[in-house]
Amino acid sequence: AALLLGCAAAAQAADFGGFIALTSDYVYRGASQTSHDPALQADVHYYSARGWLAGLWGTSVRPDPGKVTDVELDPYLGYTRALGDEWSTRLAAVYHAYLGSNPGSRYRYSELAGTLAYHSQVFFTVAVSPDTEVQTVDNSAVRRAAASGDLSWHGSLGHALSANIGVGYYRLQRPFSSGYGYGSAGLGYEWGRMHLDLSLIGVSGAAHDFFYYREASNRLVGTVLWQF
């Protein structure tokens with residue numbers, strides 16, 4: 001997930017943090033948001049001792065291959081809570097804002113996501129959006145409700161290596177498709193504050209009818225991330 005809103009145990013002390021990342025392709029729910037080009041990304045956030053969190057995540061975007069690269073900025077606000085020693089939850093509201101002439105205000109939408117985590121390794125997330133814009137067959141625009149569900153696992157392999165695997169489904173009524181499935185599997189390596197990740201992204205056949213510019217396809221994505 002682009003905002004790294006995977007659920008972890010509730011924060012025990014107030015803390016500021018963030019990261020800067022370079023990825024070979026900004027992929028969100030199996031679909032490229034940069035026309036399969038690299039993206040520069042950054043995040044700054046604050047966790048309170050009582051479990052509240054707030055932050056701003058940004059990235060370069062180019063969903064239309066015929067347009068110039070612009071910026072997506074996503075402010076988010078949420079709350080985390082530990083449920084004993086094994087389980088934790090997180091609820092977060094996110095606003096996806098796109099700056100510049102491309103892609104413009106029609107791509108903007110809001111989202112509410114809830115996550116249930118087990119041992120900070122297994123994550124189940126459900127997200128809903130009430131105002132995602134859709135182009136109809138007569139080229140007019142309407143806003144409709146959208147929803148997604150994701151199940152993922154992230155675990156250590158020892159020697160600074162980690163593995164991750166996940167599957168998800170996105171539901172939104174569009175002219176030629178109402179939803180599609182996606183998944184990923186990857187390896188990570190920690191080197192101090194640096195994190196390296198290589199993931200294989202896969203999508204169901206319905207994804208090819210869902211998008212206009214073949215944004216969704218099977219591919220390898222590499223990311224270098226520095227935390228601060």
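Heads up: numbering here begins at 1 and tracks the sequence.
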### Task
Apply side-chain contact (heavy atoms from CB on, under 4.5 Å) to the pair Trp226 and Trp191, showing each step before the final yes or no.
CA-CA 10 Å; Trp226 180 75; Trp191 183 35; over 6 Å; no
### Task
Flag the pair Asn218 / Val203 as yes when at least one side-chain heavy-atom distance between them is below 4.5 Å, and no otherwise.
yes
### Message
Please give me the minimum heavy-atom distance between Leu40 and Ala21, naming the atom from each residue.
### Response
CD1-O, 3.4 Å
### Task
Please name the residue in the list Thr34, Thr223, Thr59 that meets the side-chain hydrogen bond (donor to acceptor under 3.5 Å, both in side chains) test with Thr23.
Thr223
### Query
Do you see a donor-acceptor pair shorter than 3.5 Å between the side chains of Gln227 and His195?
no
### Query
When hydrophobic residues are tied together by side-chain contacts of less than 4.5 Å, even through go-betweens, does Met194 share a cluster with Val44?
yes
### Query
Does the side-chain contact (heavy atoms from CB on, under 4.5 Å) test come out yes or no for Tyr180 and His208, once each step is laid out?
CA-CA 9 Å; Tyr180 66 95; His208 303 301; over 6 Å; no
### Query
Same cluster or not: are Val142 and Phe210 linked, directly or through other Ile, Leu, Val, Met, Phe, Trp or Tyr residues, by side-chain heavy atoms under 4.5 angstrom apart?
yes
Donor-acceptor contacts, no H, no angles, side chain residues 150-166, under 3.5 Å, sequence neighbours left out:
from, atom 1, to, atom 2, distance (Å)
Asp150, OD1, Tyr182, OH, 3.1
Asp150, OD2, Tyr182, OH, 2.8
Ser156, OG, Gly158, N, 3.1
Asn164, ND2, Asp197, OD1, 3.4

### Message
What's the separation between atom NE2 in His36 and atom OG in Ser217, rounded to the nearest 0.5 Å?
### Response
4.0 Å
### Message
Set out, in order, the CA-CA distance, both residues' side-chain angles and the distance that settles side-chain contact (heavy atoms from CB on, under 4.5 Å) for Val134 and Gln173, then state yes or no.
### Response
CA-CA 8 Å; Val134 176; Gln173 188 64 46; over 6 Å; no
### Query
Between Trp87 and Tyr118, what is the ring plane arrangement, given parallel below 30°, perpendicular above 60°, and tilted in between?
tilted
## Note on the structure
On a heavy-atom basis, the closest approach of Gly30 and Arg219 is O-NH2, 3.3 Å
### Query
Are Tyr109 and Tyr76 in one and the same hydrophobic cluster, where Ile, Leu, Val, Met, Phe, Trp and Tyr link if side-chain heavy atoms are under 4.5 Å apart?
yes
#### Entry: Other cluster members, Tyr79 - Ile/Leu/Val/Met/Phe/Trp/Tyr, side-chain contacts below 4.5 Å
Trp52
### Query
side-chain contact (heavy atoms from CB on, under 4.5 Å) with Tyr169: which residues, sequence neighbours excluded?
Arg171
### Query
Backbone N or O of Gly188 within a donor-acceptor pair of the Glu190 side chain at under 3.5 Å?
no
### Message
Please check this pair: side chain of Arg108 against backbone of Ala97, looking for a donor-acceptor N/O pair closer than 3.5 Å.
### Response
no
### Message
Are Val126 and Leu116 linked, directly or through intermediate hydrophobic residues, by side-chain heavy-atom contacts shorter than 4.5 Å (ILVMFWY only)?
### Response
yes
### Task
Measure from the ring center of Trp57 to the ring center of Tyr26 and say whether it is less than 6.0 Å.
yes
### Message
Assigning hydrophobic clusters by single linkage (Ile, Leu, Val, Met, Phe, Trp, Tyr; side-chain heavy-atom cutoff under 4.5 Å), is Leu73 placed with Ile20?
### Response
yes
### Note, Leu53 side chain near His45 side chain (heavy atom, < 4.5 Å)
no
### Query
Hey, what do you get for CZ (Arg90) to CZ (Arg81), rounding to the nearest 0.5 Å?
14.5 Å
#### Entry: Spatial distance of atom CZ (Arg174) from atom OG1 (Thr132) [nearest 0.5 Å]
10.0 Å
### Summary
Minimal heavy-atom distance between Ser60 and Ala39, with the atoms involved, is OG-CA, 3.2 Å
### Check: Arg62 side chain, Ser35 main-chain N or O, donor-acceptor pair, under 3.5 Å
no
### Summary
Output for pair (Leu112 CG, Ser129 OG), nearest 0.5 Å, gives 10.0 Å
### Query
For the residue pair Tyr28 and His96, does the interplanar ring angle fall in the parallel (under 30°), tilted (30 to 60°) or perpendicular (over 60°) class?
tilted
### Message
If I compare all heavy atoms of Val221 with all of Asp25, which pair ends up nearest, and what's the gap?
### Response
CG1-O, 3.4 Å
### Message
I need the minimum non-hydrogen distance between Leu172 and Ala146, along with the two atoms involved.
### Response
CD1-CB, 3.9 Å
### Task
Work out which heavy atom in Asp131 is nearest to a heavy atom in Arg143; give both atom names and the distance.
O-NH1, 2.5 Å
